Each structure stands twice: as structure tokens, then as C-alpha cells.
Amino acid sequence: MGGDSLYADFVGADTKSVCTSALIAGMILGQIVGGSLGDWLGRHKAIAFVMAIQTIGSMGSATMTHQSLEQFIFLDIFRQLAAWRFLLGFGCGGIYPLAAVISAESASNGSGNDRAKLVALTFSMQGVGFLAVPLTACMLLFVLGERSDFTWRLLLGLGCVPGMYLGFVRWSKFRNDSAEETNPQESLLDNSDNPLSLPSLNQTSNTADISSTNISILQHVKAEDSLLKKLMGTAFIWFHFDVLFYGNTLFAPVVLKSALGEAETVFDTAADTLLIALLSLPGYFVSIFAVGKLSPKFIQAQGFLFMSILYLIIGFTFDDLSQTKDLLLFIYASTFFFSNFGPNTTTFMLPSMIFSPGCRSTMNGICAASGKAGALFGSIIFIPVSDAIGNATVMLICAGVSLFSLAITLWVIPSEVGTETYCVGDDEQLEEVQED
């Protein structure tokens, strides 16, 4: 954001970092709080709450004032944006663990295989979202232009659509449930023996609200078998992977500049982001088809293995690859493919499968927050370290981190996770917690 910015008067040296840090800080807090609310209030009440926060954050981001309003709130437009993005991050962060847990507990027969497939399918929508954002941005920029105030406002405001849709669906269900209570005979005729009917908000299902009044969440955590080993295989690995993944994303402009030239306009930046999203997308869908045929442990291990090989290739041949633009772009894109067909999917999946129901949502939130802390760490150190020791050396360090994460994966994650036989007391314990 330079002097030609729409809001150049408000741009400072720390503007971008404040906005980015606010979003990540909000996500970390939201993941911890949202995960805990899932075990305390129940999955559905918790996700409705965090999605409401996310909707408010999106709407606030899109409707900020042009003026600084210093006489009222002492915040210029970018610090207003940082405040709204913190709120947005809190809501999005809370959705993260809850979406994984609800998906895992929605499996029809409760087998590890079915749960893994559902979670992988849910997570693949992240790839669709990553594609939709730059695609929408390119369309808005093409129609409205880079100087239009409405371009970025519409782009940020569209983030409230999922929350508003969820609110509409829940309100519709609430009205239907109220009508069924008024006419119980009609409700019985409408819903009995109908395998396609959805459970009402007052009924329980595998994804019903789960909260325990007799046993605290902390007691469930203390009673968790092999807790430290499970945290090593989830939170610890997630931290290291997100250092790589988000650092790799931050590193994308360096690679794209070498391969495609420097982005000179906002549209160029959006187009480059769209290219990365397109290159990343296949890995998500390969994961969907692979889960059930391959265990999550194997998918994660092979992902780290191929990532380490690719980082080594880039590290040892970076200068030569910079002269071979197509090959550099292909190899760099392959790191995203094996991230998504690998630890990016499995780190999201594993916490919802290996922790017991009483603390599953809480532990999922802690693991997700650990990953986001790794993302923050990676985003802070990647550029300064690359400036200090060179791009090639950074890639070699990434290879080392990948190999270390591979070793931890092979050591601590059970091979039977995600198979038909794997179960963490789910069916019986889930029913017990539902009844409390």
C-alpha cells in the first residue's frame, strides 16, 4: 500500500502487520474458546454462536467509515479494520474445531473410516473457499476497478453470507419444531419411518449438542488415555506443519516473481493468488478419494516425505530453477499438492478422531490454535530469515522440518486411526455424554 492507495493518509509502516496479526490473534483465541464451548454448551449451540460473531465481523469490516472518527473512537480506517478482523478471526477460528467434530460425529455407522471421509470432505471446502476469494476479487476488480471503494467492501461483506444462511436455516427449524409441538399427531405422521427426515433441534443425533453436567471438561481431559502422545501427534505436528504451510504461502510472491514477473497492480496480485489456489485445489480432492483406502497416518507421512524431497530440490537448485520458470512453478505447486494431500488435511482430521467425546471439541480447538500459532510464527520469521540467509537455505530448513514431522508422525500416530476398527469409546461414551 503506497502513496497511490485509496487511504494513503492512514497508511503506516505497521499497517499491514497490525491487520494480519489481529486476524490471526482472533483465530487463535476463537479456536480455544469455540472448541471449549462445543463441549460445554454443545456442538450446535457453539457453532451458531461463533458463526454469529463471524457474521458481525464480516459486516463490520465491510461497513467501516472512511473517516478516522478520532474524536469518537480514536481509530483510523485500518485500525478499525484490525478490530473487525480480530472479531472475524474469532468467529472463523471457533468454526474450525467445531466443523471437524460435527463432521466426525455425523458418520452414519460411527466407523473410523466413515468419519475420516466426512472430515476430509468438509475440509476440502477450504480449498473451494481459497479459490472463491481471488476469483471473486478478480471479477469485482474487472467490473468496478481498483479505485472503487465498493470492491473491497463487497469482497469482505460476502463473508457474512454463510452465517446468515445458517441463521435462516436454524430459524426455519425452530419454527417447524414449534409447529410440530402444536400438532404432535401431524408431526408423528410426517416424520415416522422416514429415513430422509432431519432431526429437529430438540432431538439428539450423532451431531447433537453434547455437554456434560456431571463431569467437567477438565476431568475428561485428565482421564484421556495417552494424552501427551496424542498431543504430540496432533498439536505438536500441526504447529510445525503450519510454520511450513503459511510460511510457504508467504513465500509465494518470491517464487511467482521469479516465474511470472512482479505483480504491479491489485488485479495482478489477485490473479497470482488465484493461480496458487488453483494449483493447490487438486490435493484436497485427492485426499477425499484416498481416505478409506489409505490411513490418515500414511497420507500424512507420505505428504511430509514428498514435501521434504521437493524442498530439498528447490533449496539445492533455487538459482537454476529461477532460470527455468515453468519447472520452478511446477515444483513449488507440488509442495502445495502434497501439503493438501497430506498433513493439511490430516492435521484437521486427526484431533476429531483420536480424542474421546467428552473433551473432543476442546482438544480439537487447542490443536487448531497450536497450528495457528505455528502460522503466526512462520509468517513472522520467513521473510526476515530469507533476507538474512537466502531463499535456498530457507527451503533446506523447510525440508528438515518436514523430515522431523515425518519422524514424529511415524512414532506417535496409531496406524489403525481412520480404519473400520478404530474407535475411542465413541458410540457408548457419546450416548452417555448426550444423556448427561
Side-chain angles (χ1 to χ4, degrees), residues 1-27 30 50-96 125-168 249-250 252-253 263-278 379:
M1 285 177 284
D4 195 39
S5 167
L6 281 174
Y7 307 101
D9 293 341
F10 302 115
V11 176
D14 62 340
T15 297
K16 183 176 179 180
S17 62
V18 167
C19 292
T20 303
S21 299
L23 179 68
I24 295 179
M27 290 190 75
V50 295
M51 285 207 75
I53 299 295
Q54 181 258 339
T55 301
I56 294 170
S58 294
M59 295 179 67
S61 299
T63 57
M64 295 178 299
T65 175
H66 289 72
Q67 307 301 322
S68 66
L69 293 182
E70 290 184 4
Q71 65 271 34
F72 298 110
I73 56 177
F74 305 101
L75 293 176
D76 62 44
I77 193 166
F78 286 108
R79 283 173 173 75
Q80 290 179 56
L81 179 61
W84 286 117
R85 280 173 68 84
F86 177 85
L87 202 62
L88 174 66
F90 182 94
C92 292
I95 293 168
Y96 216 83
M125 293 300 101
Q126 183 190 75
V128 176
F130 283 161
L131 180 64
V133 172
L135 182 61
T136 305
C138 286
M139 290 190 293
L140 290 173
L141 288 166
F142 179 78
V143 174
L144 300 175
E146 296 185 6
R147 302 292 300 174
S148 173
D149 191 61
F150 290 104
T151 302
W152 65 267
R153 290 185 183 275
L154 284 172
L155 189 62
L156 294 177
L158 287 172
C160 71
V161 172
M164 295 176 69
Y165 174 74
L166 177 66
F168 172 76
T249 302
L250 193 67
E264 298 181 354
T265 65
V266 177
F267 188 88
D268 290 341
T269 302
D272 287 349
T273 306
L274 177 61
L275 176 61
I276 290 294
L278 281 169
S379 66

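Note that the coordinates shown come from a computational prediction; the quantities given were computed from them, not determined experimentally. Computed over heavy atoms, backbone and side chain alike; hydrogens, waters and symmetry mates excluded.
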For the atom pair CZ (Phe86) and CG (Leu88), what is the distance rounded to the nearest 0.5 Å? 11.5 Å
May I ask you to decide if Thr151's main-chain N or O and Glu146's side chain share a donor-acceptor pair within less than 3.5 Å? no
Enter the distance from Phe150:CZ to Leu155:CG here, rounded to the nearest 0.5 Å. 14.5 Å
Determine all donor-acceptor pairs shorter than 3.5 Å in which one atom belongs to a side chain in residues 125-143; sequence neighbours excluded.
from, atom 1, to, atom 2, distance (Å)
Gln126, OE1, Tyr284, OH, 2.9
Gln126, NE2, Tyr96, OH, 3.3
Thr136, OG1, Ala132, O, 2.7

Any donor-acceptor pair under 3.5 Å linking the side-chain atoms of Asp268 with those of Thr265? yes
If you define the side chain from C-beta out and look only at heavy atoms, does anything of Leu144 sit under 4.5 Å from Leu154? yes
Would Leu81 and Leu156 count as a side chain to side chain contact (heavy atoms under 4.5 Å, CB included) here? Give the steps. CA-CA 10 Å; Leu81 179 61; Leu156 294 177; 4.1 Å; yes
Between atom CE of Met59 and atom OG1 of Thr55, what is the distance when rounded to the nearest 0.5 Å? 8.0 Å
Calculate, to the nearest 0.5 Å, the distance between atoms CD1 and CD1 belonging to Ile56 and Ile53 respectively. 5.0 Å
Drop me the distance from Cys92's SG to Gln54's CD, to the nearest 0.5 angstrom. 4.5 Å
